[in-house]
Number of protein chains: 2
Amino acid sequence: MSGIKKDNTEEKILNAAQTVFIKKGMDGSRMQEIADEAGINKALLHYYFRTKQKLFEAIFKKVFKHTFPNIGEFMLSDLPIEEKLATFIEKYISLLLKNPFFPAFIIKEISRDPDFLATVIKSQGVNPNKLFEMFENEMEAGRIIRMDARDLMINILALSIFPFVAKPLINIMFFGNDKKTYNAFLKKRKESVKEFILNSILIR
Amino acid sequence: MSGIKKDNTEEKILNAAQTVFIKKGMDGSRMQEIADEAGINKALLHYYFRTKQKLFEAIFKKVFKHTFPNIGEFMLSDLPIEEKLATFIEKYISLLLKNPFFPAFIIKEISRDPDFLATVIKSQGVNPNKLFEMFENEMEAGRIIRMDARDLMINILALSIFPFVAKPLINIMFFGNDKKTYNAFLKKRKESVKEFILNSILIR
DNA sequence: CCTACTTTTAACCAATTGGTTAAATCATAT
DNA sequence: ATATGATTTAACCAATTGGTTAAAAGTAGG
């Protein structure tokens, strides 16, 4: 068997491809640039992943998994809704702080090839129905206000994700292009988004 | 002078370029495809707009202006804050409903060339400071809760824009890929976003 | 009609790009 | 050591792409 060497090279390729694809997108990336980034010959890319498309799909799936991780367990636990939401928002924004370019990458590519997205989502087994049920139970119990559960879920995602997706725009418009200030601001949003949402929906 | 003919062709090119660029982005678009869409020869594109880059910049500026229109007047008027926000959200989501692909296009391209974005924003004369002042006055007067005005502005934009930016994703995840249902849902958001925000920040 | 100018086109070009091929190098088992 | 199969490389290729050029077609004034 091959073992170490193969895995090593494959990993180098995946890392390099992720770097380049995230920065330039599928259309803007060149196989040669990925090879350079990985420190290998271009033909080796095709040896491991037959085509650019297949390499890209591998990266997209990987990044998608990281950007929309499974959160089933604790969101469906019997913790109080206030705590569930607080924990989710904190964990999720922390995740995005560690991978700030993931959301924009996903957004960029889903409008290029929406059909492929459907495949990925199905293979992920994403199923938000349980989540919606949970929200509706909380409404029934009078702990949060009545609203479309899909609106609620989209609002949570929007408030968490959007500042990362529109990072360069917001940074210029609202922060004089000062990256440190903006990063500090994003960290604080773990608190402010939580408050904003709970303020809106919690019945106290 | 040339007159009719020139304007006509230039407009045909701009329309075709917008269609193609919005669908495929700068990197994914081909000059030949734009020429075909406009029903003209490819060389004519270069006759009117010297390079692909220049043609793209013209489209980007045009779309950007439409996506972030000047809203100064009535947001700085002396209407009650509740009414200002309600009107803004309604108008803004209506605008996006008419141009649902604009936000994703802007997002896609700002991460490709953030420097160019800076130019466009500066030439637009966007200056949110007056808006922030207005929000802070409202907080001072005890009409809305205290918070970072930038958070508030970003939240409003996020809740309005995100469902359009992530359209294909949300449509698959939450709406079984049924476009009509999702469009109806987006229309209803004019109301639900307004309520969500006012619920959160209004002091009654 | 003729001249001067603008608009439009067909043909062409150099550079880039994803992908292939055949040979070289490396690793491993016997 | 050497045969075998996996890994890596340099050289190459066909197709595509943005852009150019020179000639043709259209337009308007005199």
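Every chain is numbered from 1, with letters handed out A, B, ... down the list of sequences.
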Show me the protein contacts with nucleotides 16-19 of chain D, counting only N or O atoms at under 3.5 Å.
| residue | atom | partner | partner atom | Å |
| --- | --- | --- | --- | --- |
| D:dT17 | OP1 | B:R30 | NE | 2.7 |
| D:dG18 | OP1 | B:S29 | O | 3.4 |
| D:dG18 | OP1 | B:R30 | NH1 | 3.3 |
| D:dG18 | OP1 | B:K52 | NZ | 3.1 |
| D:dG18 | OP2 | B:M31 | N | 3.2 |
| D:dG18 | N7 | B:K42 | NZ | 3.2 |
| D:dG19 | OP2 | B:H46 | NE2 | 3.3 |
| D:dG19 | OP2 | B:K52 | N | 2.7 |
| D:dG19 | N7 | B:K42 | NZ | 2.7 |
| D:dG19 | O6 | B:K42 | NZ | 2.4 |

What does the list of N/O pairs under 3.5 Å between the protein and nucleotides 13-15 of chain D look like, with a distance for each?
none

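Between A:F56 and A:F21, the ring-plane angle classifies as perpendicular under the 30° and 60° cut-offs.
Contact check of residues 14-23 of chain B against DNA chain D (heavy atom, cut-off under 4.0 Å) returns no residues at all.
If you find the closest nucleotide of DNA chain D to A:A43 and to A:Y47, the one lying nearer the 5' end belongs to A:Y47.
Taking the salt bridge (Lys or Arg N to Asp or Glu O under 4.0 Å) definition, one finds that B:K24 meets it with B:E33, sequence neighbours left out. Applying the ring pair (Phe, Tyr, Trp, His ring centres under 6.0 Å) test to B:F116 and every residue at least two apart in sequence or in another chain returns B:F60.
When the shell of 6.0 Å around NZ of B:K62 is examined, it contains more than 12 heavy atoms from other residues, nucleotides or ligands.
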Q: Walk me through it: do B:F102 and B:F164 pass the test ring pair (Phe, Tyr, Trp, His ring centres under 6.0 Å)?
A: CA-CA 9 Å; B:F102 282 16; B:F164 292 90; over 10 Å; no
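Nucleotide D:dT7 holds its P atom 11 Å from the CD1 atom of A:I13, rounded to whole Å. Rounded to whole Å, atom P of D:dA25 lies 19 Å from atom CD1 of B:I40. Atom C1' of nucleotide D:dA23 and atom CG of B:N41 are separated by 13 Å, given to the nearest angstrom. Regarding B:L44, its CG atom lies at a distance of 5 Å from the P atom of C:dT8, rounded to whole Å.
The closest side-chain donor-acceptor pair between B:Q32 and B:D36 falls under 3.5 angstrom.
Applying the side-chain hydrogen bond (donor to acceptor under 3.5 Å, both in side chains) test to pairs two or more places apart or on separate chains, those with a residue in residues 69-91 of chain A are A:E90-A:K194.
Geometric assessment of B:K167 against the ring of B:F101 yields a positive cation-pi assignment under the 6.0 Å and 45° thresholds.
Taking 4.0 Å as the cut-off between side-chain N and carboxylate O, A:R112 and A:E109 count as a salt-bridged pair.
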